[in-house]
Structures are given as C-alpha cells and as structure tokens.
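This one's a predicted model, so the numbers in the text were calculated from it and none came from an experiment. Each residue takes its place number in the sequence, starting with 1.
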Amino acid sequence: MGELETRKFAGINIGKQSVQVSIYDEAMTEMTEESFPLNPEEQEDYIANGIFYVRKYMEANHLGWTDYQSVYFSMEDTSEESRDHLKEILDEEFFKRHSFQVITRLRAFVEYVFHQERVVWDRNTLLMDYSENRLRYIMVEQIRRSKQKAYRASLKEIKLEDYDIEEGDPELDYKFSRLMKQFLIKNPAHIIFLTGKGFEGNWMKRTLTYLCAGRRVFLGQNLYANGACLIGTGSISFMDEGMLLMQGPDMVYHTVGIITQESGRAQYVPITSIGREWYNTRGSMDIILDKSQKVEFFYHNTKENEIECATCEIKDLPARPPKTTRVHIEVQFSSETEGVIILKDMGFGTMFPATGKVTVFPFKLIS
C-alpha cells in the first residue's frame with residue numbers, strides 16, 4: 001500500500017528586510033522553516049522580490065501551490081496598496097487552489113501563541129521585535145480569570161531614542177539590559193519571544209542573563225510565518241467565542257449583532273466576531289421578522305464594554321402575516337469602525353415568495 005497523504009499548510013511572512021516560509025505537515029512533528037534576507041536593492045520592491053524567493057524555494061523542493069491545504073500571508077505593511085500589490089504578483093495557479101488571505105503580524109504572533117500548549121498562553125506572553133533600531137512589542141495577557149477566561153493582545157512600540165539606544169553602540173548590551181529591567185517591572189511576562197534582525201549577533205550577554213532569570217526565552221525569525229501557517233490547522237476557540245481582544249492596526253474589536261428571545265429571555269447574538277482584521281471580518285445570518293419591518297442592530301465595543309443600538313427600516317416589502325418574512329443579513333467592514341449591513345428579502349417558501357429586495361444599511365461604530 002502507498003503512503004497516506006497528509007495535509008500541508010504554509011505561512012509566508014513578507015517583510016522589508018527578509019521573507020520567511022513555514023510549512024507544517026500533519027505527518028511531521030516539527031515545522032519546516034526557511035528565511036531569505038533581502039539586500040538593499042531588493043528591498044525597494046520587497047513584496048515582489050520576497051515572492052520571487054518563495055517561488056525559488058518551492059521549485060528547489062519540487063513543491064507547488066496545490067501541495068498546500070491553505071496558505072496565509074503575514075505582512076509588515078498591510079495597507080490596501082501592499083495587499084493589492086501582493087495579489088497582483090501571485091500567479092493564476094495560486095488562485096486556482098487558494099483564496100487570498102493576508103493577516104497582520106500582531107495576529108500572526110497571537111495565532112502562534114494560542115496554537116501552542118496551554119503553558120505558553122495561560123500566563124503573560126511577550127514578543128519583542130527589534131529591527132531598524134525600532135523595538136515593537138506584543139503582550140498577550142489574561143484579563144479575566146473566571147471560569148470563562150478572556151485575553152488581550154496589544155501591539156506597542158518603545159522609543160529607543162528615549163533610552164539612548166542605537167544599533168552598533170559598544171554599550172548596546174548594557175543599555176538594552178537596563179531598559180529590559182525597567183520595562184519588565186511594569187510589564188511582567190513569563191515567556192518571552194525575540195525576533196528581528198536587531199537581536200542577531202552575539203551582543204546580548206547582560207540582556208539574556210537578565211531575561212532568562214525565572215523566564216523562558218526563545219529566539220526565532222519565523223514566528224510570524226509560523227503563526228500564519230498554523231491558522232490553517234484550525235481556528236482559536238477564544239477568538240470564535242469573542243474572548244480574545246486584539247488591540248492594534250486593522251484589528252476589529254466591535255461585534256455587530258441582534259437581540260433574540262431565548263426561552264422568554266433577551267439574548268445578544270453576534271453576527272461578527274472580534275480578533276481579526278477588518279478586511280477579514282464578515283458574518284451572516286437569517287432572521288424572521290415579526291410584525292415590524294424594522295431590524296435593530298447592536299454594536300458592542302468589547303474594548304470599552306459599551307453598546308449602542310441602530311434601527312434599520314426595510315421599506316417596500318409586500319404585505320405578509322407576521323413571521324412569514326425571512327431576511328438574510330450580511331455584515332461587511334470597510335475599516336476598523338465602519339462598514340455596511342446588507343439585508344435581502346428571502347420570503348417564506350412558495351406561499352410568500354422572495355422579492356430579492358436588498359437594503360443597504362451603513363454603520364459607524366463607537367471608536
């Protein structure tokens with residue numbers, strides 16, 4: 001008998017200085033990782049040159065896009081211009097097999113963390129990204145310790161000039177270790193990940209000695225690619241349940257939903273979830289109208305725990321008895337706090353045929 005085929009998942013991180021590829025094969029116990037640095041000339045169009053190296057890697061290993069169950073891209077710059085540029089570069093063979101899926105580095109790291117064993121994410125976990133003399137960090141912390149736990153992941157930056165820190169400084173190790181001591185007193189973490197070109201080399205003697213005192217510290221350049229890769233293996237339950245607040249560019253922290261009656265009690269039912277980029281956030285559901293032709297939508301700001309209500313009136317529907325009008329609702333975001341709700345009349349069987357009438361209801365959420 002031939003070998004059973006197993007699923008493979010790919011994650012590709014595209015940055016200005018390098019591109020990383022991670023591949024997870026369900027038959028293997030470890031992830032395959034590759035990183036390709038870009039020289040200054042290649043950095044002028046780092047997206048195109050990054051994909052060039054990915055293709056060369058695939059050719060050398062006799063791989064094609066059809067070998068993967070899913071492919072996710074994490075990008076240093078997730079602007080619409082960069083996403084469109086990447087989409088233009090990908091070939092027809094890619095789109096025959098895959099949908100175009102781009103995520104932020106914030107989400108890529110969080111996906112990586114929550115796809116690990118519980119010990120990694122059940123306490124404060126920190127990522128330090130040091131490159132081009134910029135130090136960004138992502139803190140994943142538990143914000144509710146009740147039976148139904150909740151977590152927050154935030155992306156921030158430390159201004160190194162405030163600490164007189166500059167790459168290449170002979171006293172870099174001393175100054176950086178002093179910064180870490182101040183930072184970790186206010187931001188305690190039990191597990192620390194380090195990434196970025198700035199951490200390369202053999203300069204971190206004092207710094208590592210301090211960081212490793214009572215903590216687990218890992219250094220790796222494929223963390224974002226690893227996280228993008230692991231998305232394909234399954235979604236994070238905390239994210240699906242709205243228990244993971246993501247604070248950073250492009251991330252949605254509002255849910256859009258309606259109130260339904262469950263056993264005589266009002267219940268909020270979200271149509272969308274939090275924790276994803278606005279361009280990856282959408283949702284749909286069907287509802288049955290009662291006597292009214294109005295639908296009330298509730299916008300829940302999970303960051304501030306605030307709720308606001310907006311009423312959409314569906315006009316020009318044919319006269320029907322109560323509970324004989326089914327409406328299909330789709331929610332689409334156009335930014336972190338704006339979007340549209342599309343309502344389509346689906347009728348109710350052959351006795352009350354659908355008109356197909358569409359109502360477009362824009363929304364702007366609490367910022």
Side-chain angles (χ1 to χ4, degrees), residues 5-26 31-112 115 131 195 221-235 248-252 275-282 332-336:
E5 288 189 8
T6 56
R7 298 186 302 170
K8 296 184 181 70
F9 308 91
I12 300 168
N13 174 59
I14 301 175
K16 295 177 181 178
Q17 294 186 321
S18 62
V19 58
Q20 289 84 33
V21 181
S22 295
I23 298 172
Y24 177 74
D25 188 331
E26 287 184 328
M31 191 173 292
T32 303
E33 301 178 356
E34 293 290 344
S35 182
F36 306 97
L38 301 176
N39 63 46
E41 292 78 16
E42 292 171 326
Q43 291 174 21
E44 292 182 10
D45 190 352
Y46 68 93
I47 296 176
N49 289 309
I51 294 299
F52 170 80
Y53 281 109
V54 172
R55 290 190 178 118
K56 286 294 183 183
Y57 168 77
M58 292 171 64
E59 289 173 7
N61 290 275
H62 308 289
L63 296 169
W65 296 118
T66 56
D67 291 299
Y68 305 111
Q69 187 74 16
S70 69
V71 179
Y72 280 82
F73 298 89
S74 64
M75 299 182 71
E76 183 173 353
D77 175 12
T78 55
S79 64
E80 185 175 3
E81 181 182 3
S82 294
R83 298 198 313 271
D84 288 345
H85 187 33
L86 173 59
K87 192 172 184 179
E88 291 170 357
I89 292 167
L90 295 171
D91 52 45
E92 187 178 343
E93 287 301 314
F94 176 88
F95 291 103
K96 284 182 179 178
R97 172 69 172 176
H98 304 288
S99 58
F100 182 64
Q101 302 179 104
V102 174
I103 64 172
T104 62
R105 285 181 164 183
L106 166 61
R107 183 177 167 200
F109 176 67
V110 173
E111 292 278 358
Y112 175 78
H115 276 90
S131 58
T195 193
Q221 299 298 354
N222 271 60
L223 293 172
Y224 302 127
N226 288 351
C229 176
L230 292 170
I231 293 179
T233 66
S235 61
D250 292 353
M251 306 309 297
V252 170
R276 295 175 175 85
E277 302 79 8
W278 64 263
Y279 43 83
N280 291 324
T281 300
R282 56 186 62 88
Q332 302 174 1
F333 280 77
S334 56
S335 72
E336 294 98 318

Check your understanding: Is the shortest side-chain N to carboxylate O distance from Lys96 to Glu93 below 4.0 Å?
Key ->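 Between Glu93 and Lys96 there is a salt bridge, with a charged N closer than 4.0 Å to a carboxylate O.
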Sequence neighbours excluded, which residues qualify as side-chain contact (heavy atoms from CB on, under 4.5 Å) partners of [X]?
| X | result |
| --- | --- |
| Arg55 | Ile51, Ile89, Asp91 |
| Glu42 | Leu38, Asn39, Asn49, Tyr53 |
| Ser82 | Tyr46, Ile47, Met75, Asp77, Ser79 |
| Gln221 | Thr195, Glu200 |

Point to revise | Under the salt bridge (charged side-chain N to carboxylate O under 4.0 Å, His left out) test, residues paired with Glu34 that sit two or more places apart | key: none
**Study point:** Heavy-atom side-chain contact between Leu86 and Phe100 under 4.5 Å
**Key:** yes
Exercise for review: Would you indicate whether the side-chain heavy atoms of Arg276 and Val252 approach each other to under 4.5 Å?
Suggested key: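 Result no, sub-4.5 Å side-chain heavy-atom pair not found.
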Gap between atom [atom2] of [Y] and atom [atom1] of [X] - 0.5 Å precision:
| X | Y | atom1 | atom2 | result |
| --- | --- | --- | --- | --- |
| Gln17 | Ser131 | CD | OG | 5.5 Å |
| Asn222 | Asn13 | CG | CG | 8.0 Å |
| Tyr24 | Cys229 | OH | SG | 9.0 Å |
| Ile23 | Ile12 | CD1 | CD1 | 8.5 Å |
| Arg7 | Glu26 | CZ | CD | 4.0 Å |
| Ser335 | Glu80 | OG | CD | 11.5 Å |

Practice item. Output, in order, the C-alpha distance, side-chain angles, deciding distance and verdict of side-chain contact (heavy atoms from CB on, under 4.5 Å) for Phe73 and Arg83. Key: CA-CA 10 Å; Phe73 298 89; Arg83 298 198 313 271; over 6 Å; no
Practice item. Would you name the heavy atoms of Glu33 and Ser22 that are closest together and state the gap between them? Key: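 Heavy atoms only, the tightest pair is CG-OG, 4.0 Å.
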Exercise for review: Could you pull out the closest heavy-atom pair between Ala225 and Ser74, with the gap in Å?
Suggested key: N-OG, 4.4 Å
Review point. Any luck finding a side-chain donor-acceptor pair between Ser35 and Gln20 under 3.5 Å?
Key: yes
Please report, to 0.1 Å, the donor-acceptor pairs under 3.5 Å made by any side chain of residues 61-72, with sequence neighbours excluded.
{"residue": "Asn61", "atom": "ND2", "partner": "Tyr57", "partner atom": "O", "Å": "2.8"}
{"residue": "Asp67", "atom": "OD2", "partner": "Gly64", "partner atom": "N", "Å": "2.5"}
{"residue": "Tyr72", "atom": "OH", "partner": "Gln101", "partner atom": "OE1", "Å": "2.9"}

Practice item. With Glu111 as reference, evaluate Leu106, Ile231, Leu230 under the side-chain contact (heavy atoms from CB on, under 4.5 Å) test and give the passing residue. Key: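 The option that passes is Ile231.
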Check your understanding: Taking it one step at a time, do Thr104 and Arg107 satisfy side-chain contact (heavy atoms from CB on, under 4.5 Å)?
Key -> CA-CA 5 Å; Thr104 62; Arg107 183 177 167 200; 3.6 Å; yes
Exercise for review: Tell me, with the steps shown, if Tyr279 and Thr78 meet side-chain contact (heavy atoms from CB on, under 4.5 Å).
Suggested key: CA-CA 10 Å; Tyr279 43 83; Thr78 55; 3.3 Å; yes
Exercise for review: Would you check if the side chain of Glu277 reaches a backbone N or O of Asp250 as a donor-acceptor pair within less than 3.5 Å?
Suggested key: no
**Study point:** Residues Met31, Asn226; criterion side-chain contact (heavy atoms from CB on, under 4.5 Å); working and verdict
**Key:** CA-CA 8 Å; Met31 191 173 292; Asn226 288 351; 3.0 Å; yes
